[in-house]
**Student:** 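The structure under discussion is supplied below as structure tokens; questions concerning it will follow.
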Amino acid sequence: TIPLRLFRKTGLKIPSRLEVRGEVYLAKDEFKRINTEREEEGLATFANPRNAAAGSLRQIDPKNTASRRLNIFIYGAVASGELDIASHYEMLNYLVDAGLKINPNIRKAASLKEIKRYLESWEEKRKDLPYETDGVVIKVNDFGYQRKLGQTSRNPRWAIAYKFPPEEEVTRILDIKVSVGRTGALTPVAVLRPVTVAGSTISNATLHNEDEIRRKDVKVGDWVAVHKAGDVIPEIVKVIKERRDGSQQEFTM
DNA sequence: TTGTTTCACGCCATATAGTG
DNA sequence: CACTATATGGCGTGAAACAA
């Protein structure tokens with residue numbers, strides 16, 4: 001869905017150089033289609049759209065990638081100076097005119113209150129979207145303010161992600177093992193009764209260190225709530241203490 | 001040649017050490 | 001205090017490396 005030729009519209013200013021950035025996704029119905037096909041062909045089915053999309057991009061033969069029918073939303077661009085665009089919103093509209101796809105649900109908000117209302121409006125609606133989403137990005141619109149705010153080493157100070165509450169499941173800690181890292185660091189890892197959360201089988205989760213175990217009051221044999229932080233990293237959210245029956249064992253490194 | 005294992009990658013949380 | 005830089009952890013995936 002990235003056109004081979006941009007700027008078919010006449011009268012549009014064309015920069016000498018344009019770099020666009022976006023997020024590739026695999027729509028829910030395409031994910032289903034691929035898995036149905038793979039089933040018919042006796043191939044293993046994919047676990048979730050996110051990882052299927054990632055795998056599709058890693059194909060050596062672009063024909064394979066194309067057959068997966070990935071899609072993309074462009075969310076930003078860097079153009080050589082001559083463009084005369086002063087805000088993010090303007091830029092996105094320009095990119096649409098240039099022939100690129102952007103997310104149709106962008107909105108300008110004038111206050112935090114408005115932002116909050118918008119976020120709440122998607123809590124339920126997001127299930128009706130043709131793709132899976134885990135949140136909304138809130139950005140400062142004016143490029144001048146963006147420049148003033150600047151960025152840290154990894155994150156801009158003018159944008160932040162709001163994440164919807166992630167899917168949560170309950171399982172049991174079967175054991176706590178200590179893993180030895182490359183540098184010799186010892187890290188306790190919870191071995192869980194495998195549980196499916198948002199399309200992944202979670203069977204391990206790091207407990208980081210002894211302090212963290214004490215903070216969360218985790219014991220071997222505990223029932224715990226788990227989720228995938230950032231939709232990816234398995235994390236023990238909390239211990240369900242009401243379900244303790246005395247068989248739980250304190251862990252020491 | 002075939003099957004298995006390892007690796008890199010993207011994603012984020014948490015921690016430590018160090019800088020200014 | 002606000003960072004930067006780095007390390008570590010887990011999952012799913014395809015490719016590469018390895019073993020049989």
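Lettering follows sequence order; numbering is per chain, from 1. What you are looking at is a predicted structure, and each value in this text was computed from that prediction instead of being measured. All heavy atoms count here, side chains included; hydrogens, waters and symmetry mates do not.
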**Student:** Between the side chain of A:K9 and the main-chain N/O of A:A98, is any donor-acceptor distance below 3.5 Å?
**Tutor:**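 Side chain of A:K9 to backbone of A:A98, a donor-acceptor pair under 3.5 Å: no, none is there.
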**Student:** What is the distance, rounded to the nearest whole Å, between atom CG of A:N51 and atom P of B:dA8?
**Tutor:**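 Those two atoms, CG and P, are 18 Å apart.
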**Student:** So, for A:L18 and A:A77, which heavy atoms are closest and what is the spacing to 0.1 Å?
**Tutor:**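 Taking A:L18 first and A:A77 second, the nearest heavy atoms are CD1-CB, 4.1 Å.
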**Student:** Select from A:G55 and A:V189 the residue whose nearest nucleotide in DNA chain C is closer to the 5' end of that strand.
**Tutor:**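 On the 5' side of the pair lies A:V189.
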**Student:** Looking for any heavy atom pair under 4.0 Å, which part of the strands does A:S203 touch: base, sugar-phosphate only, or nothing?
**Tutor:**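 Since only primed, P, OP1 and OP2 atoms lie under 4.0 Å of A:S203, the category is sugar-phosphate.
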**Student:** List the atom of A:Y94, the atom of A:F7, and the distance in Å for their closest heavy-atom pair.
**Tutor:**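 So the minimum-distance heavy-atom pair works out to OH-CE2, 3.1 Å.
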**Student:** Whole angstrom is fine here: how far is it from CG in A:L43 over to P in C:dT13?
**Tutor:**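 The distance from CG of A:L43 to P of C:dT13 comes to 13 Å, rounded to the nearest Å.
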**Student:** Write down the distance between CG (A:L70) and P (C:dG14), rounded to a whole number of angstrom.
**Tutor:**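 It is 12 Å, rounded to the nearest whole Å.
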**Student:** Measure the distance from CZ on A:F31 to C1' on C:dT13 and round it to the nearest whole Å.
**Tutor:**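 Rounding to the nearest Å, CZ of A:F31 and C1' of C:dT13 are 12 Å apart.
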**Student:** Starting from the first five and the last five pairs of the helix from B:dT1-C:dA20 to B:dG20-C:dC1, work out the angle between the resulting helix axes, to 10 degrees.
**Tutor:**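 Between the axes fitted at each end of the helix from B:dT1-C:dA20 to B:dG20-C:dC1 lies an angle of 40°.
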**Student:** Strictly below 4.0 Å: does A:R157 bring a side-chain N or O up to OP1 or OP2 of C:dC3?
**Tutor:**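 Yes, A:R157 has a side-chain N/O under 4.0 Å of OP1/OP2 on C:dC3.
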**Student:** Determine the interplanar angle of the A:Y131 and A:F73 rings, folded into 0 to 90°, and report it as parallel if under 30°, tilted if 30 to 60°, perpendicular if over 60°.
**Tutor:**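 Perpendicular, since the angle between the ring planes exceeds 60°.
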**Student:** Look at all strands and tell whether A:A54 reaches a base, only sugar-phosphate, or nothing, counting heavy atoms closer than 4.0 Å.
**Tutor:**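 No contact.
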**Student:** If we ignore angles and hydrogens, is there a donor and acceptor under 3.5 Å between the side chains of A:N51 and A:N48?
**Tutor:**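 Side chains of A:N51 and A:N48: pair found under 3.5 Å.
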**Student:** What's the closest nucleotide to the side chain of A:Q59 if the choices are C:dG9, C:dG14, B:dC11?
**Tutor:**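 That would be C:dG14.
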**Student:** Which of these nucleotides, C:dG12, B:dA13, C:dC11, is closest to any side-chain atom of A:P234?
**Tutor:**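 Given the options C:dG12, B:dA13, C:dC11, the side chain of A:P234 is closest to C:dC11.
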**Student:** Which of these nucleotides, B:dA13, C:dG12, B:dC11, is closest to any side-chain atom of A:H208?
**Tutor:**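 Of the options given, the side chain of A:H208 lies nearest B:dA13.
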**Student:** Give the rounded distance in Å between these two atoms: CZ of A:R38 and C1' of C:dG14.
**Tutor:**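 Rounded to whole Å, this separation is 11 Å.
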**Student:** Between A:H88 (side chain only) and A:Y75 (backbone N and O only), is there a donor and an acceptor less than 3.5 Å apart?
**Tutor:**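 Confirmed, A:H88 side chain pairs with A:Y75 backbone.
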**Student:** Quickly work out the A:I233 CD1 to C:dG9 C1' distance and round it to whole Å.
**Tutor:**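 The distance from CD1 of A:I233 to C1' of C:dG9 comes to 7 Å, rounded to the nearest Å.
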**Student:** A:N48 has a side chain; which of C:dA15, B:dA13, C:dG12 sits nearest to it?
**Tutor:**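 From the listed options, C:dG12 comes nearest.
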**Student:** If I compare all heavy atoms of A:T1 with all of A:N71, which pair ends up nearest, and what's the gap?
**Tutor:**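 Looking at all heavy atoms of both residues, the shortest contact is OG1-OD1, 3.0 Å.
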**Student:** Using whole Å, report how far CG of A:L26 lies from P of B:dC11.
**Tutor:**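 It works out to 16 Å between those atoms.
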**Student:** For A:N204 and C:dT8, what is the distance between atoms CG and C1' respectively, to the nearest whole Å?
**Tutor:**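 The distance from CG of A:N204 to C1' of C:dT8 comes to 14 Å, rounded to the nearest Å.
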